[in-house]
Amino acid sequence: MAIKAVLFDFDGTIADTHDAFFAIVNRLADEFGYPAVDKTELARLKKLSSAEIIKYSQISPFKIPFILKRFKKELGKEIKDLKPYGDIKEVLTLLNQKGYVLGIVTSNSKDNVLSFLHNNGLEDIFAFVKAGTTLFGKNRIINRVLKEHKFGTDEVIYVGDETRDISAAKKSQLTMVSVAWGFSPPAILQEYEPDFLVHQPKELLTAIASLDNHRWYPLKS
């Protein structure tokens, strides 16, 4: 079957949230009783999975939903200053012009995502935004999207920047394209064996073209 849709993670994949993420993590440290991190420690944490980060921080699992809620609220204050990563906007525009259904699957809040899209002229690019509160069950959100839009698993590509995105894609039986400019370093992403690992947004075009040649011949990126 031909590829019909490309689903994107939001934080770190489309939006360049690195500096905002770092600032908010430290801003909330005292409130939720976990240690603040410097850039050296952050680089080490990036090599861990989400579960390993929580274990390392010794945060009670009961606090996680409250931390996520506060984090989204704080990020909402930063949304006006956030920009798309590199030339991802141009890549998304081209994919939209090629006729792919583009969607966002995120653990961030829908309001934050919609504000970002509006601020950066991307509101007409995406057909939908599916937000969920779960930290570890992102595949459940993906599965709801597949069901609601009647997509087959071989018709959809998922694009994300974390190891948990790879795990979610595998559980949902989707082709996974990992991006190296987000949270998880390339070497760690590679260990989780995504179908593709790209280092710049335009490389997404080549990855998608290799799965959907009939729409990309000849390939012009």
Side-chain angles (χ1 to χ4, degrees), residues 2-23 39 42-43 46 75-76 78-108 110 112-131 138 156-166 168-169 174-190 192 194-221:
I3 302 301
K4 291 184 178 180
V6 185
L7 306 182
F8 287 84
D9 171 59
F10 176 69
D11 296 286
T13 301
I14 296 173
D16 187 357
T17 54
H18 181 276
D19 290 343
F21 174 86
F22 181 66
K39 291 187 177 180
L42 181 62
K46 285 184 175 185
L75 189 61
E78 312 279 347
I79 283 293
K80 65 182 184 301
D81 299 318
L82 296 183
K83 299 298 180 184
Y85 178 84
D87 55 2
I88 189 69
K89 181 176 179 178
E90 290 74 17
V91 170
L92 294 170
T93 300
L94 181 56
L95 291 174
N96 178 256
Q97 291 171 350
K98 285 286 185 179
Y100 294 104
V101 176
L102 303 185
I104 291 176
V105 176
T106 180
S107 53
N108 206 320
K110 188 173 183 177
N112 282 349
V113 175
L114 292 178
S115 293
F116 172 88
L117 296 180
H118 175 74
N119 293 342
N120 290 284
L122 287 166
E123 62 265 54
D124 295 328
I125 298 293
F126 289 94
F128 58 86
V129 174
K130 191 71 171 180
K138 207 168 188 181
V156 179
I157 297 170
Y158 184 52
V159 182
D161 70 307
E162 297 182 58
T163 57
R164 67 189 181 113
D165 293 319
I166 301 174
L174 299 185
T175 298
M176 177 69 203
V177 180
S178 288
V179 303
W181 56 81
F183 183 80
S184 299
I188 303 302
L189 292 170
Q190 200 71 273
Y192 280 72
D195 297 287
F196 297 88
L197 176 62
V198 299
H199 293 79
Q200 294 297 329
K202 284 189 176 179
E203 293 177 22
L204 283 170
L205 304 177
T206 303
I208 294 171
S210 70
L211 297 163
D212 199 19
N213 284 328
H214 79 286
R215 206 181 319 203
W216 289 90
Y217 187 79
L219 174 62
K220 294 179 181 180
S221 59

Residue pair [X] / [Y], side-chain heavy-atom distance below 4.5 Å:
X    : Y    : answer
V159 : V198 : no
F196 : T206 : no
T163 : F183 : no
I104 : F116 : no
V91  : K202 : yes

Would you confirm whether [X], through its side chain, and [Y], through its main-chain N or O, come within 3.5 Å as a donor-acceptor pair?
X    : Y    : result
D16  : K83  : no
W181 : T13  : yes
D195 : V177 : no

Heavy-atom pair with the smallest gap, counting every atom of [X] and [Y]:
X    : Y    : value
S107 : K138 : N-CE, 4.4 Å
G12  : T17  : N-OG1, 3.3 Å
P186 : L197 : O-CD2, 3.9 Å
N96  : L102 : N-CD1, 4.0 Å
K89  : L122 : CG-CD2, 3.6 Å
A127 : V101 : CB-CG1, 3.8 Å

Atom [atom1] of [X] and atom [atom2] of [Y]: how far apart are they, to the nearest 0.5 Å?
X    : Y    : atom1 : atom2 : answer
Y192 : R164 : OH    : CZ    : 12.0 Å
I208 : L94  : CD1   : CG    : 9.5 Å
D87  : Q200 : CG    : CD    : 7.0 Å
L7   : Y100 : CG    : OH    : 13.5 Å
L174 : Y158 : CG    : OH    : 9.5 Å
L117 : F10  : CG    : CZ    : 6.5 Å

| field | Audit row: F21, D11, side-chain contact (heavy atoms from CB on, under 4.5 Å) steps and yes/no | value | CA-CA 9 Å; F21 174 86; D11 296 286; over 6 Å; no
| said: Is it the case that over 12 heavy atoms from other parts of the model lie below 6.0 angstrom from the NZ atom of K4? | reply: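 Open: at most 12 neighbouring heavy atoms sit under 6.0 Å from NZ of K4.
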| task | Using side chain to side chain contact (heavy atoms under 4.5 Å, CB included) as the criterion, point out the one residue from N119, N112, N120, L75 that pairs with L82. | result |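 So the option named by the test is L75.
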| Does K98 come within less than 4.0 Å of D212, counting only side-chain N to carboxylate O? | no
| message | Between L204 and I88, does the side-chain contact (heavy atoms from CB on, under 4.5 Å) criterion hold? Intermediate values first, please. | response | CA-CA 9 Å; L204 283 170; I88 189 69; 3.7 Å; yes
| task | For L95 and F8, run side-chain contact (heavy atoms from CB on, under 4.5 Å): C-alpha distance rounded to whole Å, both residues' side-chain angles, the deciding distance at 0.1 Å, then the answer. | result | CA-CA 12 Å; L95 291 174; F8 287 84; 4.0 Å; yes
